[in-house]
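The block underneath contains the structure these notes are about, expressed in structure tokens.
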Amino acid sequence: MLAATLFIAALSSVNVTAQEYVAPQVVISKEKVRSGGKIYYSHVVLERQTIYSISKAYGVTMEEIYDANPALKLETEGLKKDQILLIPYKGDIQDKGEIQTPPQPDNHEENVTEDYFTHKVKWYEDLDDIAKKYKVSKESIMNINRMTSDKVKRKQVIKIPHDPSAWEGGATAKDHTPEETPQVIGFNENQEADIVDQEEDDDDVSLENIFVREGKHNVNISLLIPFSSPKSGDRTSFMDFYCGALLAARDIGQNGTNLDIHTYDIGGGNMPVTRERLSDSDFTIGPVSKNDIAKAARLSDGEAWIVSPLDMQAESLTDSLSKIIQAPTSTLIQIRDMVQWIKSDLNHGDKVLVVTPSNPESEYKNMVLSQMAAEGLSPTTTTLGSMKQHMTSQGVNRIVLACDYTERSTVFLIEALRNLYMASGRSGSIILYSTSRIRTFDQIEVEQLHKVNLHASVTYFVDYNSKNVKDFLLRYRALYNAEPSRSAYSGYDLMMYFSSLASKYGQKWPKALHKMDFNGLQSDFNLERTPSGSYVNRAVRRVVYNPDFSVTMVR
């Protein structure tokens with residue numbers, strides 16, 4: 001395993017584990033009011049205060065504040081400066097704003113013994129949240145519950161010790177009570193019926209319900225990267241990916257999120273990570289290849305979310321495996337967007353031409369024709385030799401080169417672009433439509449792409465006029481004394497997107513996947529769930545190579 005701090009010396013201020021979030025100060029109000037037979041504090045909301053910070057200062061839950069102020073619609077509209085809140089008075093807070101005693105347990109009328117009281121885990125809580133709430137150490141909670149992992153589940157009932165010091169320093173439940181109930185205290189049917197604080201079912205959680213409870217949760221990440229790949233070019237690319245990911249981790253950490261990153265070298269077919277490590281991670285980025293992703297998915301046995309970072313072909317795994325997130329947009333989705341682009345641009349007198357090599361059998365060609373049929377387009381299919389005679393001089397020739405875009409297509413592409421380049425001055429307007437594959441051929445002259453007004457539907461594109469990109473370039477150059485490659489941008493975007501979700505929504509971050517689009521430095525994310533329980537990316541960027549040699553992103 002490579003330490004996540006591999007480049008800490010070079011990164012200087014980059015810390016994988018970042019500082020704690022410091023909530024704005026909340027001073028307890030001295031004014032009390034009576035309403036509905038109950039006593040409340042009258043609290044005036046100041047700038048930067050949140051419902052979370054106010055609830056912590058007063059020793060109440062956010063739900064109690066929501067319930068005490070129904071007219072304010074706090075769950076949907078949030079707080080406003082100078083708003084007056086009613087805070088339930090419990091008689092345990094000094095006017096100085098200090099809490100004398102920790103919050104009462106959620107089930108304080110039952111399940112309380114001399115050693116502990118119990119807490120029912122809410123879906124947005126992790127063990128750190130619970131330890132902070134009751135002002136006890138996480139170690140004491142884990143020991144009294146015989147926990148071997150700090151993972152907790154929704155509606156799990158755990159014990160909170162009255163005397164946390166008695167459960168620290170290696171003490172366990174066996175040292176105190178040999179016959180004690182093990183870690184997870186399940187609910188029976190009667191207990192379920194008695195729960196007043198009912199929570200949403202996993203499939204019914206709305207983004208609004210997630211959002212109002214958002215906070216800064218600790219994030220646990222695994223990176224599976226083949227650093228020891230036999231190809232030197234691949235090794236450089238994977239190291240760039242890692243550098244981009246670490247820079248994103250630094251940026252997220254500086255915003256107050258604690259990141260715990262475990263990095264593994266899986267080069268040479270090795271898979272040194274364990275199932276337990278994958279399960280303990282909020283998400284795993286990598287492996288890179290389709291085969292290694294399938295291997296990691298089998299190892300985790302559906303217990304871990306695995307982000308496929310680079311291999312477009314890995315999308316096929318999302319049809320049969322659960323918890324795979326396909327980050328690169330597939331060729332089929334790019335073709336679909338390309339065809340929709342052609343349709344939206346099509347005017348009277350225009351001609352749609354699909355040009356194929358002499359050997360016309362191609363999966364790419366079949367996908368193009370299938371998508372055109374689905375959009376109601378009727379293109380003219382022709383070979384390179386007869387392409388000119390099918391062109392129109394009355395409108396725009398909208399052309400697609402339908403080859404397989406492998407090395408054997410190189411000669412065809414070079415010849416096709418040369419012919420289009422020459423015809424662009426004689427046969428009216430020409431626009432070449434393509435996917436990202438055409439940009440991978442070094443033998444193609446960029447000048448020709450501008451001359452034929454290339455319109456490309458792509459999964460990767462960096463807009464160097466963007467302020468965010470300019471800022472990233474300065475930080476990357478300063479930290480690594482190098483220029484970022486496409487892989488570095490990919491590492492940054494993936495780490496930023498998924499870590500931000502996990503930081504905001506804790507263990508419920510997957511519920512926001514299909515509702516939270518993201519615009520990165522190089523790629524976008526618009527995730528759609530598959531029947532198997534995985535996700536695929538539908539986001540495509542549209543790029544135009546203009547005749548003045550500029551390149552613009554139009555969407």
Side-chain angles (χ1 to χ4, degrees), residues 1-2 220-231 233-235 237-239 241-242 245 261-334 363-364 367 404-406 436-437 440 459-460 486-487 490-491 493-495 497-499 501-502 509-510 513-514 523 525-539:
M1 185 180 84
L2 294 178
N220 196 321
I221 306 160
S222 290
L223 295 177
L224 307 183
I225 304 175
F227 291 107
S228 57
S229 170
K231 297 181 179 179
D234 288 346
R235 290 197 299 270
S237 177
F238 298 145
M239 191 61 72
F241 182 93
Y242 184 56
I261 303 177
H262 297 252
T263 304
Y264 297 84
D265 180 9
I266 60 167
N270 298 321
M271 191 64 66
V273 66
T274 65
R275 177 181 178 181
E276 289 73 22
R277 174 63 241 164
L278 294 177
S279 178
D280 286 344
S281 302
D282 290 299
F283 60 87
T284 296
I285 296 180
V288 173
S289 71
K290 176 183 175 181
N291 290 338
D292 284 343
I293 292 169
K295 188 186 299 183
R298 288 192 295 269
L299 176 63
S300 73
D301 195 22
E303 293 295 320
W305 284 96
I306 297 174
V307 180
S308 166
L310 299 172
D311 190 352
M312 292 182 186
Q313 296 181 357
E315 180 165 353
S316 61
L317 298 176
T318 63
D319 294 332
S320 56
L321 298 175
S322 64
K323 294 190 175 181
I324 302 292
I325 301 174
Q326 176 67 11
T329 308
S330 68
T331 300
L332 176 60
I333 298 303
Q334 293 176 54
E363 181 183 5
Y364 190 93
M367 288 191 289
D404 59 13
Y405 286 89
T406 60
S436 59
R437 288 186 178 185
T440 63
T459 183
Y460 301 116
R486 193 186 84 177
S487 296
S490 293
D493 284 346
L494 289 172
M495 179 65 80
Y497 177 47
F498 291 103
S499 293
L501 283 179
W509 70 267
L513 276 174
H514 66 293
S523 53
F525 297 99
N526 175 13
L527 298 177
E528 180 179 297
R529 189 169 183 174
T530 68
S532 66
S534 290
Y535 285 87
V536 293
N537 190 10
R538 301 304 191 204

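Remember, predicted model here, so these are calculated numbers, not experimental data.
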inquiry  = Please give me the minimum heavy-atom distance between Lys290 and Ser316, naming the atom from each residue.
reply    = NZ-OG, 3.0 Å
ask   = Is any side-chain heavy atom of Ser300 closer than 4.5 Å to a side-chain heavy atom of Ile306?
value = yes
ask   = Among all residues two or more places apart in sequence or in another chain, which pass the ring pair (Phe, Tyr, Trp, His ring centres under 6.0 Å) test with Phe241?
value = none
key: Smallest separation among heavy atoms of Val288 and Leu310, with atom names   = CG1-CD1, 4.0 Å
note = When Ile266, Leu494, Ile285, Thr284 are each screened for side chain to side chain contact (heavy atoms under 4.5 Å, CB included) with Leu223, the one that passes is Ile285
query = Which heavy atom in Tyr535 sits nearest to a heavy atom in Pro510, and how many Å separate them?
reply = OH-O, 3.7 Å
inquiry  = Could you report the tightest heavy-atom contact between Trp509 and Leu501, atom names first, then the distance?
reply    = CB-O, 3.5 Å
ask   = How many angstroms lie between atom CE of Met495 and atom OG of Ser490, to the nearest 0.5 angstrom?
value = 13.0 Å
remark   = Closest heavy-atom pair, Asp319 versus Ser532, reported as atoms and distance to 0.1 Å, is O-CB, 3.7 Å
task = To the nearest 0.5 Å, tell me how far Glu315 CD sits from Ile325 CD1.
result = 13.0 Å
task = Supply the atom-to-atom distance Met271 CE to Asp292 CG, rounded to the nearest 0.5 angstrom.
result = 5.0 Å
ask   = So Phe283 and Phe498, would you call those rings parallel, tilted or perpendicular, with 30° and 60° as cut-offs?
value = tilted
ask   = Out of Asp311, Asn291, Ile293, which one pairs with Leu317 under the side chain to side chain contact (heavy atoms under 4.5 Å, CB included) rule?
value = Ile293
task = Please assess His262 against Ser281 for the test side chain to side chain contact (heavy atoms under 4.5 Å, CB included), listing each intermediate value before the final yes or no.
result = CA-CA 9 Å; His262 297 252; Ser281 302; over 6 Å; no
message = Which heavy atom of Met312 sits nearest to which heavy atom of Gln334, and what is that distance?
response = CE-NE2, 3.5 Å
task = Apply the test side chain to side chain contact (heavy atoms under 4.5 Å, CB included) to residues Phe227 and Thr263: give CA-CA distance (whole Å), side-chain angles for both, the deciding distance (0.1 Å), then the verdict.
result = CA-CA 10 Å; Phe227 291 107; Thr263 304; 3.7 Å; yes
key: Under 3.5 Å side-chain donor-acceptor pair for Thr406 and Asp404   = yes
ask   = Nearest 0.5 Å, what's the CD-CG distance between Gln326 and Asn537?
value = 8.5 Å
ask   = Quick one: CE on Met239 to OG on Ser229, what's the gap to the nearest 0.5 Å?
value = 11.5 Å
request  = Decide yes or no on side chain to side chain contact (heavy atoms under 4.5 Å, CB included) for Leu527 and Tyr497, but give the supporting numbers first.
outcome  = CA-CA 12 Å; Leu527 298 177; Tyr497 177 47; 3.9 Å; yes
ask   = Are the side chain of Thr530 and the backbone of Thr318 linked by a donor-acceptor contact shorter than 3.5 Å?
value = yes
ask   = In Å, rounded to the nearest 0.5 Å, how long is the span from CD1 of Ile221 to OG of Ser499?
value = 3.5 Å
